[in-house]
S.K.: 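Pasting a structure here, questions to come.
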Amino acid sequence: MHFGIVGSGVVGLTTALELQRHYPNADITILADRFNEDTTSAVAAGIFRPGTSFAGPTREITQQWVTDAFHYWDEIRRSSDAPLAGVCELSGYIYSSTSPKIVRNHFIEQLLPVYRQATEEELKLCQGDWKYGSFFTTCLTECRLFLPYATKKFIAAGGQVTRQHVSSFSDVAEQNFDVLFNCSGLGAKELCNDQQLVPLRGQVLKVRAPWVKLAFYGDYDTYILPGFETVTLGGCRQYDSYNLNVCKYDSMAIKERCYSMLPSLKRAEVVRECVGLRPHRAVVRVESEFLRLANGRMQKIIHNYGHGGYGVTTSPGTAKYAVKIVRDLLAGNSKL
């Protein structure tokens, strides 16, 4: 078997590793023009906490993606590879002064080891007029560590990586892939002419604050997320914005909101500021398609994109689902 994967972000890499698990003798090639720290995945804080609006084709499938993904990350967390892979356990609080619904999450309340209502004392851990809160324990995946780790693991198992910009599926026609996985993220807007795919611009600050050991979420997309080397301060979600430049006004707003929650952050050194365009689609696309290429050849394609801000969170789950589609397809059990 000869598989191709377009995209080397967290979705592409988890798909590649899942493919190797089921097809250890297959010839698998990742095609991408950006790797590791140049991908959108590298900007993400990587906490396992899917938004309640995250959606696949059905509620049952969406929950399966989330469940499979958590078990994937948690298995790495419990392994000796955890520090190399950049996966650790993280506990934190989500607060709101407006609605108790904001601090609930139907995807993970029964899935995480701990997800409970915050006590009155815990609502006072952060400055602010917090009326509602939840405490939870989850996983965090630092993609600046995970992406190189996963790439190394993929290559060690016989995988190949090719630097190539794919602007059309016909660009890879001569490589004769049995199945091509489209994990191109926002690139799928051009590749598939998918007008449902929209960039959600995000900006974060990475600061050095080793005294912060817990995650904190507040209203207005405010979050403080400690990682392996830095603490991520965020954020913003700007619909249909393609601006990849750091905006000083966004930085000022993020600092104001985060500093008001944890005043000690005022003395934290800002290491870097990052911008990423999350590939948002109302329904994440994980499905098969037959496409006729420019040379007349029919190409089997499995799409796996549109995760928005939850690519790191859910990618192992959608990868497992995408590979199951291929297994059914190759076994003749699935009609396109």
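It should be emphasised that the depicted structure is a prediction, and the values quoted were computed from it without experimental measurement.
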S.K.: Taking only residues two or more places apart in sequence, or in another chain, which ones meet I61 in a side chain to side chain contact (heavy atoms under 4.5 Å, CB included)?
M.R.: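 With neighbours one apart ignored, the set is P57, T58, W65, Y321.
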S.K.: How long is the gap from OG1 on T314 to CD on Q64, to the nearest 0.5 Å?
M.R.: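 With rounding to 0.5 Å, OG1 (T314) is 13.0 Å from CD (Q64).
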S.K.: Side chains of C183 and V6: does their closest heavy-atom pair fall under 4.5 Å?
M.R.: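 When only atoms from C-beta onward are counted, V6 and C183 do not touch, as no gap falls below 4.5 Å.
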S.K.: Indicate yes or no: at least one non-hydrogen side-chain atom of F146 is less than 4.5 angstrom from one of T14.
M.R.: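 The answer is yes; the side chains approach within 4.5 Å.
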S.K.: Got more than 12 heavy atoms from elsewhere within 6.0 Å of CD, Q117?
M.R.: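 No.
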S.K.: So S170 and N295, do their side chains get closer than 4.5 Å, heavy atoms only?
M.R.: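 SC-SC contact between N295 and S170 ruled out.
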S.K.: Using side-chain heavy atoms (C-beta onward) and a distance below 4.5 Å, is V11 in contact with H307?
M.R.: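 Yes - at least one pair of side-chain heavy atoms lies under 4.5 Å apart.
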S.K.: Distance to the ring centre below 6.0 angstrom and angle to the axis at most 45 degrees; does that hold for R267 and W211?
M.R.: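 The answer is yes, since R267 meets both limits relative to W211.
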S.K.: Between S251 and E273, do the side chains contain an N or O donor and an N or O acceptor separated by less than 3.5 Å?
M.R.: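 On atom types as modelled, these side chains qualify, holding a pair under 3.5 Å.
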S.K.: Do L197 and L191 share a hydrophobic cluster (ILVMFWY, side-chain heavy atoms under 4.5 Å, transitive)?
M.R.: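 Hydrophobic grouping puts L197 apart from L191.
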S.K.: Would you say CD of E75 has more than 12 non-hydrogen atoms from neighbouring residues, nucleotides or ligands within 6.0 angstrom?
M.R.: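 12 or below, so no.
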S.K.: Should S167 and E190 count as side-chain neighbours, where that means a heavy-atom distance under 4.5 Å?
M.R.: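 Yes - at least one pair of side-chain heavy atoms lies under 4.5 Å apart.
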S.K.: Any non-hydrogen side-chain atom of H71 less than 4.5 Å from a side-chain atom of L111?
M.R.: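 Side-chain contact under 4.5 Å: yes.
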S.K.: When you compare the side chains of D219 and S97, does any donor N or O come within less than 3.5 Å of an acceptor on the partner?
M.R.: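 The answer is yes; a qualifying pair exists.
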S.K.: Name the orientation class of the two ring planes belonging to H280 and Y239 (parallel below 30°, tilted from 30 to 60°, perpendicular beyond 60°).
M.R.: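 Answer is perpendicular, since the angle exceeds 60°.
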S.K.: With sequence neighbours excluded, tell me which residues meet ring-ring contact (aromatic ring centres under 6.0 Å, His included) with Y305.
M.R.: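 Y305 satisfies ring-ring contact (aromatic ring centres under 6.0 Å, His included) with H303 once adjacent residues are dropped.
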S.K.: Would you kindly confirm whether I102 and L125 end up in one hydrophobic cluster when ILVMFWY residues are joined by side chain heavy atoms under 4.5 Å apart?
M.R.: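 As far as the 4.5 Å side-chain criterion goes, L125 and I102 are not connected within one cluster.
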S.K.: Identify the heavy atoms of P148 and C143 that sit nearest to each other, and give their distance.
M.R.: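 Heavy atoms only, the tightest pair is CD-O, 3.8 Å.
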S.K.: For residues 23-47, which residue pairs qualify under ring-ring contact (aromatic ring centres under 6.0 Å, His included), counting only residues two or more places apart or in two chains?
M.R.: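 Residue pairs with at least one partner in residues 23-47: F3-Y23.
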S.K.: Would you call K320 and E18 a salt bridge, using N to O less than 4.0 angstrom?
M.R.: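 E18 and K320: not salt-bridged.
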S.K.: Which residues satisfy the side chain to side chain contact (heavy atoms under 4.5 Å, CB included) test with Q196, sequence neighbours excluded?
M.R.: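 Side chain to side chain contact (heavy atoms under 4.5 Å, CB included) list for Q196, sorted by chain: D194, R281.
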S.K.: Is there side-chain contact between V275 and N245, with at least one heavy-atom pair below 4.5 Å?
M.R.: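 The answer is no, as the side chains (C-beta and beyond) never meet within the 4.5 Å cut-off.
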S.K.: Under a 4.0 Å threshold between the charged nitrogen and the carboxylate oxygen, would K124 count as salt-bridged to E122?
M.R.: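 Salt bridge flag = no for K124 with E122.
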S.K.: For residues 33-57, pull every pair meeting side-chain hydrogen bond (donor to acceptor under 3.5 Å, both in side chains), keeping only residues two or more places apart or in separate chains.
M.R.: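 Every side-chain hydrogen bond (donor to acceptor under 3.5 Å, both in side chains) pair that includes a residue of residues 33-57, provided the two are not neighbours, is D33-H165.
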S.K.: Are a donor atom and an acceptor atom from the side chains of D250 and Q238 found within less than 3.5 Å of each other?
M.R.: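 The criterion, which ignores hydrogens and geometry beyond distance, is satisfied for Q238 and D250.
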S.K.: At what distance, to the nearest 0.5 angstrom, does OG of S288 lie from CG of N182?
M.R.: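 With rounding to 0.5 Å, OG (S288) is 12.5 Å from CG (N182).
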S.K.: Identify, with sequence neighbours excluded, every residue that meets side chain to side chain contact (heavy atoms under 4.5 Å, CB included) alongside Q195.
M.R.: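 So Q195 forms a side chain to side chain contact (heavy atoms under 4.5 Å, CB included) with K189, N193.
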S.K.: Check whether any side-chain heavy atom of N105 lies under 4.5 Å from a side-chain heavy atom of Y115, and answer yes or no.
M.R.: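 A side-chain contact exists here, since the closest heavy-atom pair is under 4.5 Å.
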S.K.: Could I get the full list of ring-ring contact (aromatic ring centres under 6.0 Å, His included) partners for Y310, not counting sequence neighbours?
M.R.: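 ring-ring contact (aromatic ring centres under 6.0 Å, His included) check on Y310 returns nothing, list empty.
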S.K.: Residues two or more places apart in sequence or in another chain: which of them pass ring-ring contact (aromatic ring centres under 6.0 Å, His included) with H2?
M.R.: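 F177.
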S.K.: Hydrophobic cluster membership, with links at side-chain heavy-atom distances under 4.5 Å among I/L/V/M/F/W/Y: are I47 and V312 in one?
M.R.: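 Cluster IDs for I47 and V312 match.
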S.K.: State plainly whether one hydrophobic cluster holds both I224 and V271, where clusters connect Ile, Leu, Val, Met, Phe, Trp and Tyr through side-chain heavy atoms under 4.5 angstrom apart.
M.R.: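 In one cluster with I224: V271, no.
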S.K.: Grouping I, L, V, M, F, W and Y whenever their side-chain heavy atoms are under 4.5 Å apart, do V114 and F216 come out in a common cluster?
M.R.: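 The answer is yes; both residues are in one hydrophobic cluster.
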S.K.: Tell me every residue that passes salt bridge (charged side-chain N to carboxylate O under 4.0 Å, His left out) with E174, counting only those two or more places apart in sequence or in another chain.
M.R.: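 E174 satisfies salt bridge (charged side-chain N to carboxylate O under 4.0 Å, His left out) with no other residue.
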S.K.: Show the atom names and distances, to 0.1 Å, of all donor-acceptor pairs under 3.5 Å that link a side chain in residues 131-142 to residues at least two apart or in another chain.
M.R.:
{"unit_1": "K131", "atom_1": "NZ", "unit_2": "D129", "atom_2": "OD2", "d": "3.0"}
{"unit_1": "S134", "atom_1": "OG", "unit_2": "V103", "atom_2": "O", "d": "2.7"}
{"unit_1": "T137", "atom_1": "OG1", "unit_2": "S91", "atom_2": "OG", "d": "2.7"}
{"unit_1": "T138", "atom_1": "OG1", "unit_2": "F48", "atom_2": "O", "d": "2.8"}
{"unit_1": "E142", "atom_1": "OE1", "unit_2": "F228", "atom_2": "N", "d": "2.9"}

S.K.: Would you say CZ of R59 has more than 12 non-hydrogen atoms from neighbouring residues, nucleotides or ligands within 6.0 angstrom?
M.R.: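 Not more than 12 within 6.0 Å, no.
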S.K.: Taking atom CE as the centre, does M298 end up with more than 12 heavy-atom neighbours from other residues, nucleotides or ligands that are less than 6.0 angstrom away?
M.R.: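 Yes, the 6.0 Å shell around CE holds more than 12 heavy atoms from other groups.
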S.K.: Does anything in residues 251-260 pair up under salt bridge (charged side-chain N to carboxylate O under 4.0 Å, His left out), and if so which pairs, sequence neighbours excluded?
M.R.: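 Residue pairs with at least one partner in residues 251-260: there are none.
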S.K.: List the atom pairs, with distances to 0.1 Å, where a side-chain N or O of residues 149-162 and a protein N or O form a donor-acceptor pair under 3.5 Å, not counting sequence neighbours.
M.R.:
{"unit_1": "Y149", "atom_1": "OH", "unit_2": "D81", "atom_2": "OD2", "d": "2.8"}
{"unit_1": "T151", "atom_1": "OG1", "unit_2": "L147", "atom_2": "O", "d": "2.8"}
{"unit_1": "Q160", "atom_1": "NE2", "unit_2": "D27", "atom_2": "OD1", "d": "2.8"}

